[in-house]
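Computed over heavy atoms, backbone and side chain alike; hydrogens, waters and symmetry mates excluded. Note that the numbering runs from 1 along the sequence shown for the chain.
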Amino acid sequence: MPLSWNEIKSRALGFSREWQNESSEDAEAKSFWDGFFNIFGISRKRIASFEEPVKKLGDKQGFIDLFWKGVLLVEHKSRGKNLDKAYTQALDYFPGISERDLPKYVLVSDFARFRLYDLETNEQHEFELHDLHKNVSLFGFIAGYQTHKIQEQDPVNIKAAERMGRLHDQMRETGFEGHPLELYLVRLLFCLFAEDTGIFERQQFQDYIEQRTCGDGTDLAYHISALFQVLNTPEQKRLKNLDQQLAAFPYVNGKLFEEALPMAGFDGAMRQSLLDCCALDWSRISPAIFGSLFQSIMDKQARRNLGAHYTSEKNILKLIKPLFLDALWAEFNKVKSNKNRLFEFHKKLRSLNFFDPACGCGNFLVIAYRELRLLELEVLRASRSSEQLTLDVHSLINLDVDQFYGIEIEEFPAQIAQVAMWLMDHQMNLLVSEEFGMYFARIPLKASANIVCGNALLLDWNEVVVAEKCSFMMGNPPFVGKHYQDKQQKMELVAVFAGLKAASDLDFVAAWYRKAADYMVANRSIRAALVSTNSITQGEQVGILWPDLYRRGVKIHFAHRTFQWNNEARGKAAVHCVIIGFALHDTGEKWLFEYEALRGEPHAVKVPNISPYLVSGPDIIAGKRQQPLGAVPDMRCGNKPSDGGNLLLSDAERDALLADEPAAAPWVRRFVGSEEFINNIPRWCLWLDGIPPETLRKLPKVLARVEAVRAFRSASSAEPTRRAAEMPTRFFYVSQPDKPYILIPEVSSERRRYVPIGFMTPDVISSNTNYLIAEPSLYLFGVLQSAMHMAWLGTVGGHLKSDFRYSGSMVYNTFPWPDLPSPPAPLPPAGEGSKSPSPVGGGGVGERGRIETAAQAVLDARAQFPDASLADLYDPLTMPPALLKAHQALDKAVDAAYGKTGFKSEAERVAFLFERYQKITSLLPSASSEKTRKTRRKGENA
């Protein structure tokens with residue numbers, strides 16, 4: 001057990017007085033450093049050697065004054081000598097030191113002065129001998145205290161996972177695998193951490209392996225098994241004749257070493273791999289981050305992307321701060337000057353319980369516990385009166401890991417989560433020890449985090465923690481989209497939403513919201529917050545999920561709008577996420593966190609209410625509509641071939657066909673889908689509507705393709721497709737206008753500020769991956785291409801992965817158009833093309849005329865770059881300034897048509913549109929009367 005800091009400071013004062021007049025390096029240096037290590041209760045002989053021989057550059061022999069392998073190199077000089085030269089001399093030894101043994105610190109001294117270099121943080125500290133007692137905390141690495149700042153990007157996290165991964169692979173290759181291997185590695189992780197943080201003596205585990213096991217590793221497994229048994233046995237119950245080195249290890253408990261494991265097998269290389277792990281400074285490992293890294297060692301593919309698999313602390317804090325932490329700090333600041341109220345607040349902290357029903361390796365639980373312990377530390381500081389030098393922290397620390405609960409479907413991460421909580425607990429105990437001068441550690445372990453290994457969607461959460469006992473729920477459930485769920489996941493999702501129509505169209509994460517809502521019924525004071533893909537706040541999923549949650553009383557308390565979740569492996573697509581804080585009770589303070597950029601910092605806005613689209617506004621949901629809300633033309637889907645590819649032609653196929661059958665030329669048309677339209681990719685189709693039979697008979701290659709279409713459709717399992725086999729010359733679905741039309745691609749990259757929209761002439765066939773409006777109106781084009789419509793699309797439209805997915809029924813038909821006079825009768829247009837059409841309108845007066853003028857300016861700006869594709873023109877990095885300015889002018893014209901002069905944020909723009917949507921839809925006939933009207937009309941037509 002490390003000495004208390006009070007004892008260390010007292011010894012440091014005595015050491016300074018004893019050596020204040022010494023000056024001779026040769027005479028007393030060894031005694032000086034033996035005494036220096038004794039300050040920290042460490043025997044120098046156990047860990048470091050004097051005059052360590054080493055080869056310097058040029059094959060010269062050198063001798064290190066004092067060397068602690070892997071930790072510290074000391075260069076000592078006589079009083080008054082140059083410490084810069086001493087440091088240079090110390091560095092000269094590095095080429096002769098093996099990489100594993102390279103020190104993390106260099107300490108130079110001339111009796112009167114100390115200068116400590118931290119080689120990993122590139123920091124140095126210098127002080128006089130008489131100030132040693134003020135600086136002893138710099139030598140926490142000697143004492144067994146390591147309270148330096150844990151950094152998530154610290155490369156030691158990566159090194160540790162890589163070395164553990166190597167050992168994992170070696171052990172698995174011997175046939176030692178599955179549960180025994182996973183638990184074995186978790187135990188080794190604890191031992192490695194323990195010897196660098198004061199749970200074990202310094203290097204106790206490493207020394208035992210190096211000194212007591214053979215170099216070929218043949219007896220290593222026996223010694224480790226014996227050690228595990230000792231760590232699980234109280235000191236008073238151990239054998240009286242137990243090996244002294246084994247008996248020196250403390251009793252750990254916590255059931256970590258309780259289960260008997262089969263005997264492993266090691267060789268020399270595996271023993272070396274374990275010693276390589278020992279060489280790292282495990283006190284610098286972040287338990288929150290390393291849990292995920294440690295889990296990833298099980299997957300070689302995942303291990304290639306180490307460093308990007310954890311959920312960053314920054315993102316975790318985005319959730320836990322508004323959920324509970326900010327309120328607790330605010331309460332502390334109110335009561336800290338009142339001892340009685342502070343005492344009650346401290347008791348309250350102990351009464352809180354936290355639950356993560358998809359905890360993984362425990363990242364959220366670990367960070368939440370750390371932040372609460374930091375708050376408790378402030379409580380203890382405030383409790384200490386000015387005349388008190390110390391507090392009895394052993395009795396005053398209330399918070400413990402048993403206040404935390406979790407569910408994890410896989411056993412290994414569940415085990416890691418429990419151990420990570422112990423590791424964080426010990427790191428926080430060391431921080432308290434440094435603050436109050438008394439060593440504090442919870443060994444043997446008596447409390448444990450309550451981590452249950454099981455399927456959260458099949459478990460009754462009350463079996464993990466009864467709802468009446470739970471205070472806060474949080475987590476990052478799995479994000480599996482509806483198209484990527486396996487059969488089991490789909491069954492579980494539908495079972496959770498039993499009886500809810502279209503539940504199978506929801507993302508997997510939605511099940512946790514429903515389970516949470518049902519769980520909280522027994523304790524309506526519970527507050528919850530979950531990380532989710534933004535898809536549950538956009539498009540059709542909103543109309544499925546949120547009415548169901550509202551029926552159960554769910555109220556949104558805070559939300560982070562879409563931002564980029566930076567825990568994905570390098571090289572994978574970014575995940576766009578939201579955080580939603582909710583409860584079954586309302587609150588007067590609701591906060592919306594908005595992002596100007598997906599990777600940017602949020603700014604908080606206090607709002608009266610947060611809608612399911614995560615904007616300020618009422619709980620209104622835009623449902624599918626068959627007709628548009630405004631006095632605008634209908635939108636239709638493009639033409640669907642359902643042809644097995646036989647009616648479609650690449651450039652090369654078109655050329656080959658026309659070379660063989662030139663007479664087919666009138667029946668070959670340009671064919672445009674979303675990708676072809678945006679990227680200017682040439683593609684063609686056979687458009688055989690109206691072809692005379694005698695003409696078709698003279699085109700055998702075309703006829704062969706038609707026969708292939710018939711065969712493809714006839715073999716379909718879908719009855720409508722089989723029926724279409726009777727007309728193999730026609731597309732399965734035909735919607736082609738007979739006049740110029742507006743084309744809107746169904747899918748477009750979310751990177752673009754504007755989804756490119758264009759005009760087409762009727763001889764260009766649009767595929768079903770586009771939407772069409774059979775009216776070449778500049779006004780329609782201008783509004784649809786504006787920031788106002790883009791904001792609506794981004795909110796109520798669907799998404800394909802992270803890309804925008806347009807929908808006629810969800811986006812166009814629900815869009816709240818501005819109140820403007822009806823358009824004049826259209827004039828016949830001329831020309832064709834997506835960048836330089838001749839649409840109807842332009843040059844009008846009033847708001848409509850200004851929109852048309854601005855829309856034409858956008859088309860003119862595109863026309864300045866005839867060789868550029870729309871992908872080039874609308875890429876944020878390559879968008880021409882002239883085009884951007886034209887769009888900005890169009891945005892102002894459209895905003896003005898709504899009576900607005902601008903918006904502070906995207907969220908404000910969307911909130912405005914929903915206010916207008918609510919106003920328009922409130923004037924429409926009810927759904928029941930609309931259904932009656934349609935039924936009556938249907939009867940009249942019959």
Side-chain angles (χ1 to χ4, degrees), residues 483 505 539-540 624-628 632-650 653-654 666-678 681 683-691 696 702-703 705-748 755 757-776 784 797-798 800 804-814 834 934 938 941:
H483 297 298
D505 289 334
E540 296 178 16
K624 286 184 176 181
R625 290 182 55 82
Q626 299 306 310
Q627 299 294 326
V632 294
D634 287 347
M635 174 178 281
R636 66 183 78 162
C637 185
N639 304 275
K640 184 175 183 180
S642 292
D643 64 333
N646 293 291
L647 295 177
L648 305 182
L649 304 164
S650 65
E653 288 171 328
R654 168 185 172 270
W667 310 102
V668 176
R669 301 282 184 88
R670 184 179 167 202
F671 182 74
V672 178
S674 290
E675 187 176 2
E676 290 82 9
F677 172 71
I678 293 173
I681 298 171
R683 202 174 182 197
W684 309 88
C685 72
L686 289 170
W687 191 254
L688 302 173
D689 265 15
I691 188 170
L696 181 58
V702 173
L703 195 60
R705 284 179 172 267
V706 172
E707 171 57 30
V709 172
R710 189 199 63 77
F712 171 80
R713 291 177 180 174
S714 297
S716 174
S717 60
E719 195 268 336
T721 306
R722 292 196 301 274
R723 281 203 311 267
E726 298 172 3
M727 293 184 290
T729 57
R730 284 176 58 87
F731 273 40
F732 173 78
Y733 171 75
V734 177
S735 61
Q736 186 66 14
D738 58 3
K739 60 182 177 180
Y741 59 92
I742 295 174
L743 183 151
I744 301 98
E746 182 184 34
V747 178
S748 177
V755 172
I757 295 172
F759 291 91
M760 288 291 167
T761 49
D763 59 311
V764 178
I765 308 302
S766 175
S767 88
N768 59 302
T769 61
N770 300 316
Y771 285 90
L772 318 176
I773 302 173
E775 185 173 317
L784 292 175
L800 183 63
F804 294 123
R805 188 166 192 172
Y806 203 91
S807 164
S809 59
M810 278 300 300
V811 182
Y812 182 77
N813 290 346
T814 62
S834 63
K934 287 182 178 179
K938 196 173 183 180
N941 292 338

Rounded to the nearest 0.5 Å, what separation is found between the [atom1] atom of [X] and the [atom2] atom of [Y]?
{"X": "Phe732", "Y": "Arg713", "atom1": "CZ", "atom2": "CZ", "result": "7.5 Å"}
{"X": "Trp687", "Y": "Arg670", "atom1": "CH2", "atom2": "CZ", "result": "15.0 Å"}
{"X": "Glu540", "Y": "Arg805", "atom1": "CD", "atom2": "CZ", "result": "9.0 Å"}
{"X": "Phe712", "Y": "Glu707", "atom1": "CZ", "atom2": "CD", "result": "14.0 Å"}
{"X": "Cys685", "Y": "Phe731", "atom1": "SG", "atom2": "CZ", "result": "4.0 Å"}
{"X": "Ser714", "Y": "Arg723", "atom1": "OG", "atom2": "CZ", "result": "13.0 Å"}

Pairs where residues 634-649 contributes a residue and the test side-chain hydrogen bond (donor to acceptor under 3.5 Å, both in side chains) is met, not counting sequence neighbours: Asn639-Gln736
Set of residues satisfying side chain to side chain donor-acceptor pair (under 3.5 Å) with respect to Tyr771, sequence neighbours excluded: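 Expected list: none.
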Specify the closest pair of heavy atoms between [X] and [Y], including all atoms of both residues, with the distance to one decimal.
{"X": "Met760", "Y": "Phe677", "answer": "CE-CD1, 3.4 Å"}
{"X": "Asn768", "Y": "Pro641", "answer": "OD1-CD, 3.7 Å"}
{"X": "Ser735", "Y": "Cys637", "answer": "OG-O, 2.6 Å"}
{"X": "Ser767", "Y": "Gly673", "answer": "OG-CA, 3.3 Å"}
{"X": "Pro633", "Y": "Glu775", "answer": "CG-OE1, 3.2 Å"}
{"X": "Asp763", "Y": "Arg669", "answer": "O-CD, 3.5 Å"}

Kindly write out the residues that satisfy side-chain contact (heavy atoms from CB on, under 4.5 Å) with [X], not counting sequence neighbours, or none if the list is empty.
{"X": "Arg730", "result": "Asp689, Met727, Val734"}
{"X": "Ala715", "result": "none"}
{"X": "Ser716", "result": "Ala718, Thr721, Arg722"}
{"X": "Arg683", "result": "Leu648, Phe671, Glu676"}

Would you call [X] and [Y] a side-chain contact if the rule is heavy atoms closer than 4.5 Å?
{"X": "Ile744", "Y": "Asn770", "answer": "no"}
{"X": "Ile773", "Y": "Leu784", "answer": "yes"}
{"X": "Val702", "Y": "Leu696", "answer": "yes"}
{"X": "Phe759", "Y": "Pro740", "answer": "no"}
{"X": "Ser766", "Y": "Val672", "answer": "no"}
{"X": "Arg705", "Y": "Leu688", "answer": "no"}
{"X": "Ser748", "Y": "Tyr806", "answer": "no"}

Lys624 backbone acceptor or donor facing Ser809 side chain under 3.5 Å: no
side-chain contact (heavy atoms from CB on, under 4.5 Å) evaluation trace for Leu743 with Ile757: CA-CA 6 Å; Leu743 183 151; Ile757 295 172; over 6 Å; no
